[in-house]
Each structure stands twice: as C-alpha cells, then as structure tokens.
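Just so you know, ligand 1 is whichever comes first in the structure, and atom 1 is the first atom listed for that ligand. Note that the numbering runs from 1 along the sequence shown for the chain.
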Amino acid sequence: MRVLLIEDDASIASAVIDSLEAVGWDVGHEASGIAGLNRLASDSWDVLLLDLGLPDLDGIEVARQARASGAFPIIVISARGDESDRVLALELGADDYLVKPFGMRELLARIRAVHRRAGSEGEVPLSTELVVGSLQVDTRTRRASIEGTELDLTPKEFDVLAYLAKEPGSAHRRETIMQDVWDMNWYGSTKTLDAHVASLRSKLGDARWIEAVRSVGFRLQEPE
Ligand code: CA
C-alpha cells in the first residue's frame with residue numbers, strides 16, 4: 001500500500017508515518033498543498049490522506065484538484081469537524097473524513113476500508129456484473145456503462161449506483177445507504193447522499209433512473 005500524506009503539522013505527520021510504516025506501507029509526505037499535488041502527480045498512490053488546514057492552499061481545493069487528477073481514495077483528516085466542511089469534502093470526492101484527534105488504529109482501519117472499496121485488493125466476488133436494463137455496473141473493475149457508453153463517475157457515485165443496482169426496483173432507506181456506502185462512521189445528515197444522487201441522475205442522462213421514494217429513500221430502475 002502506498003499512502004501519500006499531505007499534512008503540515010510535523011508531530012501529527014510523524015505519528016501517522018510511524019503507524020503506517022509499522023504495518024509495512026510506503027508513506028510519502030508533503031507539508032503543503034502545492035508540494036502535495038506535485039507529489040501526487042509525479043508518483044502512483046493507493047490512498048491520499050489530506051489535512052484541510054494547510055499553509056498555502058485550502059485542503060478542500062487540494063481535494064478537488066486531487067480528485068480531478070485520479071480515482072484513488074481520499075481520506076480527509078481535519079481538526080475542522082463541522083458539518084459544512086464534511087459535506088463539502090465528501091461532495092468534492094473525499095471518501096472518508098476523520099476528525100482530529102483520531103487513533104492510529106482507526107486511521108489504519110479507514111485506510112483499509114477505502115482501499116478495499118476502491119477495489120484494488122481483496123477477493124474477487126463470483127459475479128461482479130450487475131445489469132439493470134441498459135445499465136451495466138461491474139463492481140470488480142468499478143466501471144459502469146449505459147448502452148455500452150462508459151459513465152464517468154466519482155468513487156462515491158459508483159458506490160451509490162452499485163449499491164442501488166444490487167437490488168433494482170427495491171426502495172432503499174437513506175440511512176441504510178449512508179451506512180453502507182459511507183460506512184457506519186457517518187453521523188451527519190443525508191445531504192451528501194442527495195447531492196450524489198442528483199449528480200448520478202444527470203450522468204445517467206435520465207432522472208427517472210433513480211426515483212425518490214417519499215419518506216424512505218431511493219430506488220433504481222430503468223425508465224420506461
Ligand atoms: Ca494543518
């Protein structure tokens with residue numbers, strides 16, 4: 001596992017580096033947003049750990065640019081625990097959000113979880129392709145297409161789509177989707193889910209693909 005850490009606080013950085021190296025992972029470290037983005041572009045990484053309070057760029061901006069440059073998972077680590085920062089970070093494509101101070105064991109668990117969900121390790125399930133009418137979702141390659149045209153999805157958009165495609169036609173509760181896709185660690189509102197659904201509808205080309213089920217949540221089905 002190759003992890004890039006962008007964090008300007010030297011004591012937090014050295015604690016994180018020690019913990020990750022102790023389990024045998026390679027860690028790259030940069031203390032500013034610009035240096036971090038350069039390092040991100042110049043090498044290949046499995047997971048990005050990103051502090052929001054950086055001396056040069058705002059971490060949210062770093063997350064936005066990092067997301068635009070690749071599909072690796074991003075975990076935001078921040079002292080900023082308020083909901084607007086969380087929602088913004090998650091909407092911009094961060095896969096998880098850890099509020100400081102956090103335990104190193106929890107950090108390792110979160111890194112493993114986003115990495116596993118990104119499909120880059122672990123067992124290959126027997127059947128990985130979900131088909132809902134003209135929509136195909138392959139959970140192994142993490143590609144989704146409609147009538148053969150690949151959809152350009154963020155990792156979280158893919159996760160939401162794959163979650164709904166596992167049981168097409170069934171109504172799924174918002175809270176259950178949040179728990180499954182964003183993990184049990186999420187205690188915020190479901191605003192970020194609504195934002196992902198809105199974006200998915202637009203990428204699917206027809207809002208009727210994802211129907212809102214009143215006071216429950218959402219269901220996926222091919223538009224008639
Ligand atoms: Ca900082």
Consider only side-chain N and O atoms of Glu175 and Gln179, and report whether a donor and an acceptor are under 3.5 Å apart. no
State yes or no: are the ring centers of His196 and Trp182 separated by less than 6.0 Å? yes
How would you list, by chain and number, every residue that makes a side-chain contact (heavy atoms from CB on, under 4.5 Å) with Ala162, sequence neighbours excluded? Val137, Thr139, Phe158
In chain order, what residues pass the side-chain contact (heavy atoms from CB on, under 4.5 Å) check against Thr141, with sequence neighbours excluded? Asp138, Arg143
For Ser19, side-chain contact (heavy atoms from CB on, under 4.5 Å) partners two or more places apart: Met104
Under a 4.0 Å N-O cut-off, is there an ion pair linking Arg2 with Asp46? no
Return the number of protein N, O or S atoms with a distance to the Ca ion (ligand 1) smaller than 3.0 Å. 3
